[in-house]
Number of protein chains: 2
Amino acid sequence: MKKFSLVLFVLAAMVQLVTAQELVSPNSSLRLQFSLLSDGTPVYQLVYKNKEVVKPGKLGFYLKNDKKSLLNDFTVTDSRTTSFDETWKPVWGEVNNIRNHYNELAVTLTQKETNRQLIIRFRLFDDGLGFRYEFPQQKNLTYFVIKEERTQFAMTADHTAFWIPGDYDTQEYDFTRSRLSEIRGLQLKARTANLSQTSFSPTGVQTSLMIKTDEGLYINLHEAALINYSCMHLNYNEQDKVFESWLTPDANGDKGYMQAPCTSPWRTIIVSDDARDILSSKMTYNLNEPCKIENTSWIKPVKYVGVWWEMITGKSSWAYTNDYPAVQLGITDYKAARPSGNHGANTANVKKYIDFAAANGFDAVLVEGWNVGWEDWFGNSKDYVFDFVTPYPDFDVNGLAAYAKSKGIKIIMHHETSGSTRNYERHMDTAYKFMKEHGYDAVKSGYVGPILPRGENHYDQWIINHYQYAIEKAADYQIMLNAHEAVRPTGIARTWPNLIGNEAARGTEYQAFGGSKANHVTVLPFTRLLGGPMDYTPGIFEMDISKISPNNHSHVNSTICNQLALYVTMYSPLQMAADLPENYNRFPDAFQFIKEVAVDWDTSKYLEAEPGEYITVARKAKGTNKWFIGNVNGEEPRVSVVKLDFLDPGKNYVATIYADAKEAHYKTNPQAYTIRTQIVNSKTKLQQLSAPGGGFAISIVESAGK
Amino acid sequence: MKKFSLVLFVLAAMVQLVTAQELVSPNSSLRLQFSLLSDGTPVYQLVYKNKEVVKPGKLGFYLKNDKKSLLNDFTVTDSRTTSFDETWKPVWGEVNNIRNHYNELAVTLTQKETNRQLIIRFRLFDDGLGFRYEFPQQKNLTYFVIKEERTQFAMTADHTAFWIPGDYDTQEYDFTRSRLSEIRGLQLKARTANLSQTSFSPTGVQTSLMIKTDEGLYINLHEAALINYSCMHLNYNEQDKVFESWLTPDANGDKGYMQAPCTSPWRTIIVSDDARDILSSKMTYNLNEPCKIENTSWIKPVKYVGVWWEMITGKSSWAYTNDYPAVQLGITDYKAARPSGNHGANTANVKKYIDFAAANGFDAVLVEGWNVGWEDWFGNSKDYVFDFVTPYPDFDVNGLAAYAKSKGIKIIMHHETSGSTRNYERHMDTAYKFMKEHGYDAVKSGYVGPILPRGENHYDQWIINHYQYAIEKAADYQIMLNAHEAVRPTGIARTWPNLIGNEAARGTEYQAFGGSKANHVTVLPFTRLLGGPMDYTPGIFEMDISKISPNNHSHVNSTICNQLALYVTMYSPLQMAADLPENYNRFPDAFQFIKEVAVDWDTSKYLEAEPGEYITVARKAKGTNKWFIGNVNGEEPRVSVVKLDFLDPGKNYVATIYADAKEAHYKTNPQAYTIRTQIVNSKTKLQQLSAPGGGFAISIVESAGK
């Protein structure tokens, strides 16, 4: 009997060995373990430097009209490991080449009762884990509807997180820093008003989710390559301490229409004991398909100004006239209307911005409110709300196209859709053609307000398909796209580098809508920026908005130097100097940094970082030997020690340091700054104080002499 | 006191006189009365030759999020009457000119509590009443959402009606003839299976609704000019004997997003004591806007054959291969697939049809199944299901375009959308351009299966907007459109005469899906045809479908002569000889009628008609002195007496009479017919027997001699 049970034991162990799979990262720091529970439920677990990152978490799907679903009853019928190591060059970025190096495990699971197959592919990088579900072509599974995905991220303890409320229609919330157990209690307060918002759970949050454990481990949860699928939120189960995937439903509550062969997006866990590794991780891009655009020569980073802040603050309006509370395109006679006298996008004003841009080395001018329809553009669920081609009577399209061209300036097109996606698609070819015919090569699109078709959500599969359609059609027309109020990016710009920006978070405009938290910009790079750049539109010099628009008592919770630093800390190939020209003209010395700062980089080094508290990063401008450093600071004054050991040894450089004055404070004294120059070299260690909500910006150029 | 109450009485009477409004038709037969109830609810009533057609019925709207709604509390603040009398020429039709003659009453109602205005415009023709709601531009009402329209048609008794079940997604039901009180009990039985259907009430019915009173009054309820609004069904309240409007909801249950100034469609009541007047009424067209297409020379009636019936019967398939149960356009390699050998739309077969068309004087050949995607085209809620431009490997687009051109034949394009409307719109310009580039000038579109965006219904406002978009874009491309599974027409072809057909009812294909009622075609002209022509695709000679497709035991419930007559009784500018060429070749003498019958007319005279029993109509071919007569018969054998008093007096004509043989019967002996010729003149009275499910067809040409 003993011998028999020994044999059984060995056999069982062998079976278990066969079922449990392990994968390590190239440098062995990360270890993934995949296995099946006794009921055939797939689970995975991640360990970093021998510390659990996530406990065993379940994987699978609830299917609509399919009680069996894809949850359990699996066996492993195949298992393959491979390695991959390649370097690729992005068209634009924080760095000019990216190494894509991972070990991969692809496990094929077959469900016994149904004979259906599911492949789970794990890729383990030195900075984290990505995994996705694949549904291979097979007889017993072709069309299916996802009721809910069941992907768990099982927390090892009640960590600290930086989160925004889960929402099907907006990400424009301040971040809350709290224990996971506190999410429920803080959700209501976190859910500030928005023109289109739909909550789903008192413990729901969005990704990317930034987590820090008490042991000092940084964990970021997100997804990569969100294409033809529904956007993933996370819902926290306080009892089990488990985050579970919560997809965005369509108008009927369904969460995904699938046809095999197909894949889910990658679910990602970036992890390090060094916060800077989170910021510098390229894993999200690496999990996306290589660039699909053959000729990318027309894709160029842009530094721009715009007729925008004056409307955001309330100084002027997008609308042309007050005569018509409601309009019908093609019927309303705009020529007969009396201009309100307050329309921002008029020819003379745009020319001023073009002149300003040309005089200050900018590439482009964004103009919002140039086209008919703004009198009743939101809150009315309007189908045919804009036509994207008919200018207001006071916007001379052709004249301005010629004027801009003569000044070497591009005008950035604006396509506010008001969420009316079918209307936008109906006009898209015409609108893109109009752009090319009039010299526009970049467009900012917007999806403000509830989505049409009515019942769909901003982040459901149907509408994510629309955003992708806009990106790919723009590529056909060689148009760069900056999509606001769309889904947050998930690395898609590797495949479609004409997607040069998104908003998809609480941007600078909120500083004019009541203000954002002073440490907001110390969180965003840890959360929003993981999947792609943000058109944060920084560069505000006048913090008291009532000085621009007397009835608006909002305050910009940032010092001038914090605003300067954003050009470095908030990486984006698309950077706006958002304030009014007159405010820049008041501080020409500070403005000099914005004029000089690059928008494309060879190298980036995150020098120090702590979510919610500070970020300091140094970047080398593409094709030059110039460096720019930016620091943004949270609520507490702080001194940074900045080692310039990234400079070429043996060379002298001139550093121009734009820093908060000693008495600066984002609330009470935001415009107090100092500018000094200093000779530096690779051995230099700078010490620099940052005020609350402050920061510093440094430009470093090679010294002329030695 | 007496004097005082007398004064009061007179005053009250005067007030009542001011509120109650009357309108009579040009010939005074019809009298409309409009008034307000004591609570300010608008009501209307219609009288024909001193008999009540509808008792007082309420008018108004339930608005979403608006408890007050637009139901009551109105006063009449304006009232205008006008007359109109004009003749217009349709591009194609049963007649070559149409008189639009009505008296009109426009009542402006102001709601006291809200100060909102509603105009109800009544137009009284000699053949009926049309009325619509108008929402003028005004301060207190701009954007509003209709929860339900409250338009009542109050029946005077438990009439007989010919109805199909109310349904948000299909009209493909056999008609039921019953008392109104019996609708509830018969609804389930009437609701036969369909690929996309959504019932809403056990007493719901669709329009146009044909009613006959016991006193012999014929009443037809429908709507005209359904544009940018939700399709109206009717729901019957058995207790009150009132039909009330029931609009089609969108994905959220809302029934109409409106922006003033705007109007509803016209609600129509066509009434006569002569059934023929219902058939010949042009009121629905007259209520639509005049033609919006400047140059209509490219719009031409079409007689066609097609690669279609062989697939409908199951003899061949739309799909090309059985290798792939599911396909992904652009990825699936069709060239690598083995043809099933059963694909109908292959080059050789299409050439046969082109040859047949050319040899027999047809204009065009419809080809279905020519393009990739049919392997999994329905039942899968597929988004990207067709691209409308990529042919199967065995369909030589260019070769066939050249071949057809060389034979003077057009190929009719086919755009099955599978209900995936966004996909169709994304491809529409490309698809229409493809047509023009390859010589196609007409397209049959289809919306088989549940609509995408998912949650919308075939007849809701959002999707009706789509159908209209397709019509108007087709007009831009000078393309004629024949839309199947779309909303039933409401006279729109007056405004957009490129809409040469719709299906929107149970067509000939159902004869191969189990058969339709033998009297179906004696009902359709009283119901479906009120709003526009139907692509009924008649001309079936082989009634035993198993002879075409052995596993299909369906029987066509019609005699050959009934099929011939349909070319006259089922008016359409688009007429198909739907059967297989080999079946026509078996009966060349009967086929001769189909070859000769015209598709466009100068004059039409309905000689006799009774819904559900028989219709006999004579039409004069446009620009000729040829007449064609058709009779379709119901379940009982019947003798028609046909007076040819419409012929030119003093002339001799040769009549060729295609009639059921004495022993013919749609079930047991459908192919028994006789053909005889006879000299006739304007004094001739023909007597002709029609078999059950039978009929006769007559062509009349001027005699060569005198």
Side-chain angles (χ1 to χ4, degrees), chain A residues 64 137-145 228 249-254 257-262 324-329 331-332 375-376 378-385 420-430 433 450-456 460-463 465-466 469-470 472-473, chain B residues 64 137-145 228 249-254 257-262 324-329 331-332 375-376 378-385 420-430 433 450-456 460-463 465-466 469-470 472-473:
Chain A
K64 186 180 184 184
Q137 184 140 15
Q138 55 188 292
K139 194 156 137 326
N140 289 354
L141 185 70
T142 308
Y143 305 96
F144 57 101
V145 180
N228 223 2
D250 69 9
N252 299 320
D254 299 319
Y257 275 74
M258 310 292 286
Q259 179 189 341
C262 57
Y324 308 139
V327 298
Q328 294 187 346
L329 300 191
I331 296 171
T332 296
E375 284 69 22
D376 63 351
F378 84 85
N380 297 313
S381 193
K382 229 181 145 178
D383 184 355
Y384 183 27
V385 58
S420 188
T421 61
R422 178 174 74 176
N423 180 60
Y424 190 32
E425 290 198 15
R426 285 178 172 179
H427 290 91
M428 202 178 281
D429 278 281
T430 307
K433 281 195 190 93
I451 290 288
L452 282 75
R454 303 176 186 101
E456 300 294 344
D460 67 25
Q461 181 190 34
W462 190 255
I463 300 303
N465 178 296
H466 163 80
Y469 179 75
E472 297 191 24
K473 189 179 278 294
Chain B
K64 186 180 182 183
Q137 184 140 18
Q138 55 187 293
K139 195 156 137 326
N140 290 354
L141 186 70
T142 308
Y143 306 97
F144 57 102
V145 180
N228 222 3
D250 70 6
N252 300 320
D254 299 318
Y257 275 75
M258 310 291 286
Q259 178 187 342
C262 58
Y324 308 139
V327 297
Q328 292 188 345
L329 300 192
I331 296 171
T332 297
E375 283 69 23
D376 62 353
F378 84 85
N380 297 312
S381 194
K382 229 181 147 179
D383 184 354
Y384 182 27
V385 59
S420 187
T421 61
R422 177 174 73 176
N423 180 60
Y424 190 30
E425 288 197 17
R426 285 178 172 179
H427 291 91
M428 203 179 280
D429 279 280
T430 306
K433 281 196 188 93
I451 289 288
L452 281 76
R454 302 177 186 99
E456 302 292 344
D460 67 25
Q461 181 191 34
W462 189 255
I463 301 301
N465 178 296
H466 164 81
Y469 178 75
E472 295 190 25
K473 189 177 280 292

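Below, read A as the first sequence line, B as the second, and so on, with proteins coming before strands; counting in each chain starts at 1.
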With a 4.5 angstrom heavy-atom cut-off, could you sort out which part of [X] is near chain B: side chain, backbone, both or neither?
X: Asp254(A); value: neither
X: Lys382(A); value: side chain
X: Asp429(A); value: neither

State, to 0.1 Å, how close [X] and [Y] come at their nearest heavy-atom pair, and which atoms those are.
X: Gln328(A); Y: Gln259(B); value: NE2-O, 3.3 Å
X: Arg454(B); Y: Trp462(A); value: NH1-CE3, 4.0 Å
X: Thr142(A); Y: Ala326(B); value: CG2-CB, 3.3 Å
X: Pro325(B); Y: Tyr143(A); value: O-OH, 4.3 Å

> Which one of Asn252(B), Asp383(B), Asn380(B), Thr421(B) has the most heavy-atom pairs closer than 4.5 Å to chain A?
Replying inline: Asn380(B)
> Relative to chain A, which of Pro453(B), Gly455(B), Ala251(B) shows the most heavy atom pairs under 4.5 Å?
Replying inline: Pro453(B)
> Are Arg422(B) and Asn465(A) close enough, and set up right, to give a side-chain contact (heavy atoms from CB on, under 4.5 Å), and what steps lead you there?
Replying inline: CA-CA 11 Å; Arg422(B) 177 174 73 176; Asn465(A) 178 296; 3.1 Å; yes
> Is the backbone N or O of Tyr469(A) less than 3.5 Å from a side-chain atom of Arg426(B), with the two atoms forming a donor-acceptor pair by type?
Replying inline: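 No, Arg426(B) side chain to Tyr469(A) backbone: no donor-acceptor pair under 3.5 Å.
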>> Below 4.5 Å, heavy-atom pairs only: which of Glu425(A), His466(A), Glu456(A) has the largest tally toward chain B?
In response: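 The residue among Glu425(A), His466(A), Glu456(A) with the greatest pair count is Glu425(A).
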>> I'd like to verify something: which residue of Val145(A), Leu452(A), Asp250(A) has the highest number of heavy-atom pairs under 4.5 Å with chain B?
In response: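 The option with the most such pairs is Leu452(A).
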